[in-house]
Protein chains: 2
Amino acid sequence: MRDAYHEELDGLTDKLVEMTRLVRSAISRATTALLDPDLALAENVISRDDEVNALFAEVESTIFDLMARQQPVAIDLRTMITALRMGTDLERMGDLAVHVAKVARLRHPDSAIPLEMRSTILEMGQIAENIVTKAGSCVATRDVESALELPKDDDAMDRLHSRLFRLLLAKDWQHGVEPAIDITLIGRYYERYADHAVRVAQDVVYLVTGTRPT
Amino acid sequence: MRDAYHEELDGLTDKLVEMTRLVRSAISRATTALLDPDLALAENVISRDDEVNALFAEVESTIFDLMARQQPVAIDLRTMITALRMGTDLERMGDLAVHVAKVARLRHPDSAIPLEMRSTILEMGQIAENIVTKAGSCVATRDVESALELPKDDDAMDRLHSRLFRLLLAKDWQHGVEPAIDITLIGRYYERYADHAVRVAQDVVYLVTGTRPT
């Protein structure tokens with residue numbers, strides 16, 4: 001049987017997995033809000049970011065409390081340190097989904113995304129969802145091999161990000177500067193979202209092995 | 001007299017202050033590389049980011065080592081936790097300076113910055129330098145009151161960032177899409193740089209008071 005202390009540590013993992021679920025849902029809804037375009041959905045992403053922040057605040061206060069009471073060593077200490085870092089990354093991923101939703105809101109009832117870019121943005125949204133799902137599963141299972149796979153998904157995101165720039169800089173671009181700015185920022189938000197998911201997975205590797213993947 | 005353990009803790013602070021100095025120099029050189037434009041200086045910023053990363057690696061390994069050996073409590077534990085977070089933010093600030101330098105390198109021998117935007121970018125660079133100087137001084141002195149002043153500098157950065165967008169979206173913008181993309185990204189890099197400096201200062205507040213500023 002687990003003692004109260006280790007139950008609190010397990011509870012941290014549950015909360016982090018729940019954070020991955022919330023920020024996955026946020027980027028999924030933000031992508032839809034952008035493409036449809038759907039103002040109510042955009043507002044929903046923006047207002048519900050509080051849930052992610054509240055969960056992170058719980059993670060933080062549990063860790064600071066455990067650290068003050070328990071003088072943790074070795075693996076327990078690594079669990080707390082990585083939980084804090086993972087929480088920081090996941091909280092940021094929530095913010096990035098909000099940034100996407102805010103562009104959708106700003107341009108509504110128009111869509112910020114011209115027709116010829118919709119499929120690329122849709123793919124970026126799908127990769128963002130996949131990568132955070134995988135990160136969540138790594139956090140839950142502590143499976144190092146799966147965690148080491150995430151950079152592949154990140155490479156796919158980077159390729160789509162490059163494709164966005166190629167489309168923006170094509171000779172037949174006819175939408176002017178404002179949509180170009182929107183798309184530059186949106187592309188950056190998705191790309192950073194994936195980077196943070198990779199960092200979460202890297203922290204799983206550190207948690208289990210005690211060394212950081214290069 | 002301080003024991004070896006507390007000397008190691010003090011050493012962490014010295015390394016973090018040195019990181020603020022390095023990333024200040026990096027954003028200063030990156031701004032010059034962008035405006036002059038100066039290819040050698042841009043390359044210099046890019047290659048010397050290794051120094052920041054190496055220093056952060058030292059901070060990390062010292063902390064993990066101290067944590068494993070010492071079972072730190074209360075203020076010592078807070079010192080380590082915040083050092084880890086500050087190091088993460090400072091390392092990212094180094095990356096953001098590199099991103100600015102890479103735009104300078106990409107557009108050389110042209111400047112990525114049209115004439116009418118040079119003064120705004122110069123100001124953003126100056127605010128970035130000021131804010132990281134202040135953050136470094138907060139880390140060194142643990143002065144909570146100064147740390148709580150940083151959001152003001154961040155507000156000034158946000159105002160310049162908004163001015164960039166106004167210039168990009170003005171009717172008389174005549175530089176086309178590519179410079180608009182460059183400037184959108186550059187603006188974002190400076191703005192994020194300042195955000196991370198504010199986080200460093202917030203961690204000083206947490207370190208000293210045990211509570212996070214809202």
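Within every chain, numbering begins at 1; the chains are lettered A, B, ... in the order of the sequence lines, protein sequences first and strands thereafter.
- Within 6.0 Å of atom CZ in R199(A), 12 or fewer heavy atoms from other residues, nucleotides or ligands are found, so the atom counts as exposed in its surroundings.
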Requested in this report: May I have the step-by-step check of side chain to side chain contact (heavy atoms under 4.5 Å, CB included) for Y189(B) and R188(A), ending in yes or no?
Outcome: CA-CA 11 Å; Y189(B) 300 147; R188(A) 179 97 190 137; 3.7 Å; yes
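- Only the side chain of L169(A) comes within contact range of chain B, with at least one heavy atom under 4.5 Å from a heavy atom of that chain.
- Within 6.0 Å of atom NZ in K15(B), more than 12 heavy atoms from other residues, nucleotides or ligands are found, so the atom counts as buried in its surroundings.
- Interface remark: I63(A) contributes no atoms to any contact with chain B (heavy atom separation under 4.5 Å).
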Query raised in the report: Should L77(B) and M80(A) be marked as a side chain to side chain contact (heavy atoms under 4.5 Å, CB included) after you check the CA-CA gap, both sets of side-chain angles, and the distance that decides it?
Result: CA-CA 12 Å; L77(B) 189 56; M80(A) 295 180 202; over 6 Å; no
Query raised in the report: Could you go step by step and tell me if F64(A) and I81(B) meet the side chain to side chain contact (heavy atoms under 4.5 Å, CB included) rule?
Result: CA-CA 9 Å; F64(A) 293 145; I81(B) 295 284; 3.9 Å; yes
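- Each of I183(A), T184(A), V177(A) was evaluated against T184(B); a single residue qualifies, T184(A), per the side-chain contact (heavy atoms from CB on, under 4.5 Å) test.
- The pair E60(A)-R85(B) counts as a salt bridge, with a side-chain nitrogen and a carboxylate oxygen less than 4.0 angstrom apart.
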